[in-house]
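Written out below as structure tokens is the structure these notes cover.
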2 protein chains.
Amino acid sequence: MGASKLDIYPESINQMAAIAKVFAHPARIAILQYISKQESCICNDIVDEIGLSQPTISQHLKVINDAGLLKGNFKGKSICYCLNVERFKEFQIVLNSFFNGTTSNCC
Amino acid sequence: MGASKLDIYPESINQMAAIAKVFAHPARIAILQYISKQESCICNDIVDEIGLSQPTISQHLKVINDAGLLKGNFKGKSICYCLNVERFKEFQIVLNSFFNGTTSNCC
DNA sequence: AAATTATATCGTAATATTGCAATGTTACAA
DNA sequence: TTGTAACATTGCAATATTACGATATAATTT
């Protein structure tokens, strides 16, 4: 196998897992942190910052972007990636509602 | 490759990614939710609840347990898995401090 | 002790992820 | 229009993850 059986879970759980997956790689966390620290951001800057090749960074950026976490300002040949704060906060809310809805009275 | 280059990131980032990884599979989220709803929990119950085989559930439980998210009460042949609420809250704090420390003023 | 029950571990197949070199693409510059 | 700089895409190799059947283990029950 190797593939997750997504069809057996409720949508809310799959959504939560999809969100977590974006953060499940250190490169993507580092990229998000770096972007959030900049006024504007150019992909090549990230390549210098983090020790990964340009294609690899580009790939991670795609994952982040597909999750809706980026807003792009396409000015000139350098693309400015920015954090989509609204979407980012949405993620935080989903995660927190999961945490807050989960308790334990056993043990 | 296929392996993440963990050595190029600060510890805090690797820790954050490791936490996210636990939640990056719907089965593990479903298991955590199920455990938190029960007074006590037996693995076989989870197998009935979620549509995965016993070995697969056991494997996911190991991942959750290795992350320190379970406290076990070993009474008899049925093992009682319980949520380690303290650890769980720790995870929430790490995630939230990441979210709150990340903003954007570009675009 | 033998059977039973609940869970863990092993082995293996299928698929996903990570990473990079090579190559495309696109927009500006000269 | 010919470069060139900044990404994106493709193709591939290495490793990780997911899932399950078969089997082991460990505690109860009979």
Side-chain angles (χ1 to χ4, degrees), chain A residues 1-9 13-14 17-31 34-35 38 40-67 70-82, chain B residues 1-9 13-14 17-31 34-35 38 40-67 70-82:
Chain A
M1 310 272 155
S4 305
K5 288 181 148 189
L6 295 176
D7 47 311
I8 64 174
Y9 310 100
I13 284 186
N14 285 332
I19 290 174
K21 232 173 202 175
V22 178
F23 302 110
H25 195 288
R28 292 194 284 270
I29 296 174
I31 289 171
Y34 182 73
I35 291 176
Q38 310 302 312
S40 66
C41 162
I42 292 143
C43 183
N44 211 49
D45 289 352
I46 304 185
V47 173
D48 294 341
E49 184 76 9
I50 304 169
L52 292 174
S53 72
Q54 180 265 321
T56 304
I57 295 288
S58 190
Q59 210 168 222
H60 282 302
L61 272 171
K62 184 169 162 37
V63 173
I64 297 171
N65 190 41
D66 287 351
L70 294 181
K71 286 199 291 190
N73 246 5
F74 299 82
K75 35 183 174 188
K77 68 189 162 187
S78 307
I79 295 170
C80 167
Y81 283 106
C82 310
Chain B
M1 311 274 156
S4 303
K5 287 183 146 187
L6 294 176
D7 47 311
I8 64 173
Y9 310 100
I13 284 187
N14 284 332
I19 289 173
K21 232 172 202 176
V22 178
F23 302 110
H25 194 288
R28 292 195 284 270
I29 297 176
I31 289 170
Y34 182 73
I35 290 175
Q38 308 304 311
S40 66
C41 161
I42 292 143
C43 183
N44 211 51
D45 290 351
I46 305 184
V47 175
D48 294 340
E49 184 74 11
I50 305 169
L52 292 173
S53 71
Q54 182 267 322
T56 302
I57 295 289
S58 190
Q59 210 170 222
H60 282 301
L61 272 170
K62 185 169 162 36
V63 174
I64 297 171
N65 191 42
D66 288 351
L70 294 181
K71 288 199 290 191
N73 246 6
F74 299 82
K75 38 182 172 188
K77 69 188 160 186
S78 304
I79 294 170
C80 168
Y81 284 105
C82 310

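Everything quoted here is computed from the prediction, not taken from an experiment. Letters A, B, ... mirror the listed sequences (proteins, then strands); counts begin at 1.
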Nearest-angstrom distance from the residue atom [atom1] of [X] to [atom2] of [N]:
X: K5(B); N: dA16(D); atom1: NZ; atom2: C1'; result: 17 Å
X: L52(A); N: dT18(C); atom1: CG; atom2: C1'; result: 9 Å
X: H25(A); N: dT17(C); atom1: NE2; atom2: P; result: 11 Å
X: I57(A); N: dA6(D); atom1: CD1; atom2: P; result: 15 Å
X: L61(B); N: dT18(D); atom1: CG; atom2: C1'; result: 15 Å
X: L70(A); N: dA8(D); atom1: CG; atom2: P; result: 10 Å
X: I50(B); N: dA19(D); atom1: CD1; atom2: C1'; result: 14 Å
X: Y9(B); N: dT18(C); atom1: OH; atom2: C1'; result: 9 Å

Phosphate-side-chain proximity, [X] and [N], N/O vs OP1/OP2 below 4.0 Å:
X: K62(B); N: dT7(C); result: no
X: H60(A); N: dT17(C); result: no
X: K21(B); N: dA16(D); result: no
X: T56(B); N: dT18(D); result: no

For the side chain of Q54(B) and the base of dA8(C), is some donor closer than 3.5 Å to an acceptor across the two?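 Such a pair is found, so the answer is yes.
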Side chain to side chain contact (heavy atoms under 4.5 Å, CB included) between F23(A) and I19(B): does it pass, once the steps are laid out? CA-CA 9 Å; F23(A) 302 110; I19(B) 289 173; over 6 Å; no
Where the side chain of [X] is defined as all heavy atoms beyond and including C-beta, which of [options] is the nearest nucleotide?
X: Y81(A); options: dA8(C), dC20(C), dC7(D); result: dC7(D)
X: R28(B); options: dA16(C), dG19(C), dT18(D); result: dT18(D)
X: Q59(B); options: dT18(D), dA16(C), dT9(D); result: dT18(D)

Give the ring-plane orientation class for H60(A) versus H25(A), where under 30° counts as parallel, over 60° as perpendicular and anything between as tilted.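 Judged by the thresholds at 30° and 60°, the geometry between H60(A) and H25(A) is tilted.
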When you compare the side chain of I29(A) with that of N14(B), does any pair of heavy atoms fall below 4.5 Å?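 No, every pair of side-chain atoms sits at 4.5 Å or beyond.
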P55(B) or S4(A), whichever maps to the more 5' nucleotide of DNA chain C: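 By nearest-heavy-atom nucleotide position, the 5'-most residue is P55(B).
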Quick check: closest heavy atoms across V47(A) and Q54(A), and the distance to 0.1 Å?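 Taking every non-hydrogen atom into account, CG2-CA, 3.6 Å.
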Test side chain to side chain contact (heavy atoms under 4.5 Å, CB included) on L61(A) and S58(A); report intermediate values, then the result. CA-CA 5 Å; L61(A) 272 171; S58(A) 190; 5.6 Å; no
